Amino acid sequence: MKRRQAIVCALLVAGCAAGGGPAPTARPANPRYEPTSMAVVRAMLVLARATPADVVYDLGCGDGRIVIMAASRFGARGVCVDIDPERIAESRADAHAAGVADRIRFLNEDLLATDLGGATIVTLYLSNELNLALRPKLERELKPGARVVSHWHAMGDWKPQAAIGVPSEWGERYLYLWTIP
């Protein structure tokens with residue numbers, strides 16, 4: 001017990017010595033990876049009205065399941081974006097296994113730096129803070145008619161065109177849809 005207390009104390013001291021937290025201008029923290037239920041993935045793509053004419057960008061793609069389903073079931077093309085190289089490797093392997101890797105680009109980069117100009121649908125399962133940080137970029141870079149679907153997190157005072165509840169194995173999940181005017 002004393003050893004554990006000593007370790008916790010050392011970590012606290014080290015944290016304080018390191019500055020005690022992010023600078024006020026730091027970007028929002030990356031949310032932890034939490035896969036989206038397949039029922040919610042399908043509902044997101046249905047809500048966005050995905051078609052073969054669409055290019056679906058999943059920002060913070062994790063294992064790529066949203067873009068893979070967009071390609072395999074809706075005929076769309078897609079772009080997986082994640083800052084974690086392990087997630088990009090996993091999404092690439094899963095896309096190959098599903099036979100749709102030729103319809104998907106994989107970008108290991110910061111989603112706040114990604115050019116969104118080619119997207120017709122953007123999917124998000126991030127955090128309130130990241131959604132709010134992305135909002136001006138979405139409004140600036142997406143073409144009129146592009147759709148944005150967020151799982152669980154809204155975007156402050158940006159009123160969604162639709163908000164629905166979707167049953168999943170983790171209980172009811174909420175989805176929000178915006179269309180760029």
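The chain is numbered in sequence order, starting from 1. Because the structure is predicted, anything quoted here is derived from the model rather than measured.
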Tell me whether Glu139 at atom CD has more than 12 heavy atoms from other residues, nucleotides or ligands lying less than 6.0 Å away.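 Counting other residues, nucleotides and ligands, CD of Glu139 exceeds 12 neighbours.
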Give a yes or no on this: more than 12 heavy atoms of other residues, nucleotides or ligands lie within 6.0 Å of atom CZ of Arg92.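 It does: Arg92 CZ has more than 12 such atoms within range.
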Strictly below 4.0 Å, N to O, side chains only: are Asp58 and Arg65 in salt-bridge contact?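 So Asp58 does not pair with Arg65 through a salt bridge.
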Test salt bridge (charged side-chain N to carboxylate O under 4.0 Å, His left out) on Arg135 and Asp157 and set out the steps. CA-CA 11 Å; Arg135 181 180 163 186; Asp157 64 355; 2.7 Å; yes
Pairing residues for Asp94 by the salt bridge (charged side-chain N to carboxylate O under 4.0 Å, His left out) criterion, not counting sequence neighbours: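 So Asp94 forms no salt bridge (charged side-chain N to carboxylate O under 4.0 Å, His left out) with any residue.
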Do you reckon [X] sits in the same ILVMFWY cluster as [Y], going by side-chain contacts under 4.5 Å, direct or chained?
{"X": "Val149", "Y": "Trp158", "answer": "no"}
{"X": "Leu124", "Y": "Ile66", "answer": "no"}
{"X": "Val148", "Y": "Ile164", "answer": "no"}
{"X": "Val67", "Y": "Val55", "answer": "no"}
{"X": "Leu138", "Y": "Val56", "answer": "no"}

Do [X] and [Y] make a side-chain contact, defined as non-hydrogen atoms from C-beta onward lying under 4.5 Å apart?
{"X": "Leu45", "Y": "Met69", "result": "yes"}
{"X": "Pro35", "Y": "Tyr125", "result": "no"}
{"X": "Asn108", "Y": "Phe106", "result": "no"}
{"X": "Met155", "Y": "Trp178", "result": "yes"}
{"X": "Trp170", "Y": "Ser37", "result": "yes"}
{"X": "Glu141", "Y": "Asp115", "result": "yes"}
{"X": "Arg49", "Y": "Leu177", "result": "yes"}
{"X": "Val122", "Y": "Leu59", "result": "yes"}

Stepwise side chain to side chain contact (heavy atoms under 4.5 Å, CB included) test for Ile104 and Ile68: CA-CA 8 Å; Ile104 300 171; Ile68 291 168; 4.0 Å; yes
Taking the six-membered ring for Trp, are Tyr174 and Trp152 parallel (under 30°), tilted (30 to 60°) or perpendicular (over 60°)?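 Taking Trp152 first and then Tyr174, their aromatic rings sit tilted (interplane angle of 30° to 60°).
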Nearest heavy-atom pair of [X] and [Y]: which atoms, and what distance?
{"X": "Cys61", "Y": "Ile88", "value": "SG-CD1, 4.0 Å"}
{"X": "Ser150", "Y": "Met44", "value": "C-CE, 4.5 Å"}
{"X": "Ala113", "Y": "Lys137", "value": "C-NZ, 4.2 Å"}
{"X": "His151", "Y": "Arg173", "value": "NE2-NE, 3.2 Å"}
{"X": "Ala163", "Y": "Tyr176", "value": "CB-CD2, 3.8 Å"}
{"X": "Glu109", "Y": "Val81", "value": "O-CG1, 3.7 Å"}

Without swapping roles, check the side chain of [X] against the backbone of [Y] for a donor-acceptor pair under 3.5 Å.
{"X": "Asp54", "Y": "Thr51", "answer": "yes"}
{"X": "Arg147", "Y": "Ala48", "answer": "yes"}
{"X": "Lys143", "Y": "Thr120", "answer": "no"}

Show the numbers, then the answer: is there a side chain to side chain contact (heavy atoms under 4.5 Å, CB included) between Leu126 and Leu111? CA-CA 11 Å; Leu126 301 170; Leu111 56 86; 3.9 Å; yes
Please walk me through it: do Leu107 and Cys80 pass side chain to side chain contact (heavy atoms under 4.5 Å, CB included)? CA-CA 6 Å; Leu107 303 177; Cys80 286; over 6 Å; no
Start with the C-alpha distance between Phe74 and Val46, add both sets of side-chain angles, then the distance that settles side chain to side chain contact (heavy atoms under 4.5 Å, CB included), and finish with yes or no. CA-CA 9 Å; Phe74 294 82; Val46 168; 4.0 Å; yes
Which distance, rounded to the nearest 0.5 Å, do you find between the CG of Leu116 and the OH of Tyr57?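 One finds 7.0 Å between CG of Leu116 and OH of Tyr57.
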Give the C-alpha distance, both sets of side-chain angles, the deciding distance and a yes or no for side chain to side chain donor-acceptor pair (under 3.5 Å) between Asp63 and Ser91. CA-CA 4 Å; Asp63 64 6; Ser91 63; over 6 Å; no
